[in-house]
Amino acid sequence: MPPAATKLRKAYVNVDHPAVLLRFEDGHEIRVAQGKVKTFDAYVGEVIRVIALYDPTSRDRDLLESVRAEDLPDAEPHESR
């Protein structure tokens, strides 16, 4: 049986584009508006595609980069209550 995948808590900050779409290998997507930060769980070795969205009414999208989860910055830990 293969070992369990290691889960990571990561963050993405969008400073340059009106909107960015993070597309994960399992097909789910996270939208990040300009000036916002999103945190999410990802797995070691997972490739995340970073796609720029300039016009929400258009299907035009630009692939900015494909990045491995472990190369993204770690999310700030939050306090448990």
Side-chain angles (χ1 to χ4, degrees):
M1 191 157 101
T6 303
K7 189 186 292 189
L8 307 170
R9 188 73 180 158
K10 294 297 184 170
Y12 185 84
V13 181
N14 177 15
V15 293
D16 296 325
H17 303 281
V20 167
L21 185 70
L22 304 177
R23 183 174 293 152
F24 294 79
E25 289 181 351
D26 66 1
H28 82 277
E29 300 174 339
I30 297 174
R31 288 182 184 255
V32 185
Q34 189 170 21
K36 301 291 183 183
V37 177
K38 291 284 185 166
T39 60
F40 51 89
D41 291 331
Y43 294 94
V44 171
E46 184 173 16
V47 176
I48 302 164
R49 288 178 178 70
V50 181
I51 301 166
L53 305 172
Y54 296 102
D55 179 2
T57 62
S58 172
R59 301 235 355 126
D60 291 339
R61 298 172 176 193
D62 291 331
L63 177 64
L64 299 175
E65 64 180 326
S66 293
V67 63
R68 295 183 87 73
E70 56 269 22
D71 295 335
L72 290 169
D74 291 333
E76 293 291 325
H78 64 282
E79 293 181 19
S80 302
R81 293 184 184 197

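Fair warning: this is a prediction, and the values are worked out from it, not measured in the lab.
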For the atom pair [atom1] ([X]) and [atom2] ([Y]), what is the distance rounded to the nearest 0.5 Å?
X	Y	atom1	atom2	result
E65	I48	CD	CD1	10.0 Å
L22	R49	CG	CZ	12.5 Å
I51	R31	CD1	CZ	10.0 Å

request  = Examine V67 and V32 and state if one hydrophobic cluster contains both, with Ile, Leu, Val, Met, Phe, Trp and Tyr joined whenever side-chain heavy atoms are less than 4.5 Å apart.
outcome  =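 Yes.
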
query = What about L21 and V13, same hydrophobic cluster or not, with Ile/Leu/Val/Met/Phe/Trp/Tyr joined at side-chain heavy-atom distances under 4.5 Å?
reply =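 No, L21 does not connect to V13 through the hydrophobic network.
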
Which atom pair, heavy atoms only, marks the closest approach of [X] to [Y]?
X	Y	result
N14	D16	OD1-N, 3.5 Å
L72	K10	O-NZ, 2.8 Å
A75	T39	CB-CG2, 3.7 Å
R68	V47	NH1-CG2, 3.8 Å

Test item: D62 side-chain N/O and L64 main-chain N/O as donor-acceptor pair under 3.5 Å =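 No, D62 side chain to L64 backbone: no donor-acceptor pair under 3.5 Å.
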
task = Could you tell me whether the side chain of V50 reaches within less than 4.5 Å of the side chain of V20, counting heavy atoms only?
result =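 When only atoms from C-beta onward are counted, V50 and V20 do touch, with a gap below 4.5 Å.
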
task = List in chain and number order the residues that pass ring-ring contact (aromatic ring centres under 6.0 Å, His included) with F24, two or more places apart in sequence or in another chain; answer none if no residue qualifies.
result =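 Here the qualifying residues are H28, F40.
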
inquiry  = Applying side-chain contact (heavy atoms from CB on, under 4.5 Å) to Y12 and I30, what does each step give before you reach the verdict?
reply    = CA-CA 10 Å; Y12 185 84; I30 297 174; over 6 Å; no

message = I'd like to know whether D41 forms a side-chain contact (heavy atoms from CB on, under 4.5 Å) with R9, so could you lay out the CA-CA distance, the side-chain angles of the two residues, the decisive distance to 0.1 Å, and finally the verdict.
response = CA-CA 5 Å; D41 291 331; R9 188 73 180 158; 3.0 Å; yes

query = Is R61 atom CZ crowded by more than 12 heavy atoms from other residues, nucleotides or ligands, each under 6.0 Å away?
reply =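 For R61, atom CZ is crowded (more than 12 foreign heavy atoms under 6.0 Å).
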
request  = Take D74 and L8 through the side-chain contact (heavy atoms from CB on, under 4.5 Å) test and state the conclusion after the steps.
outcome  = CA-CA 8 Å; D74 291 333; L8 307 170; 5.8 Å; no

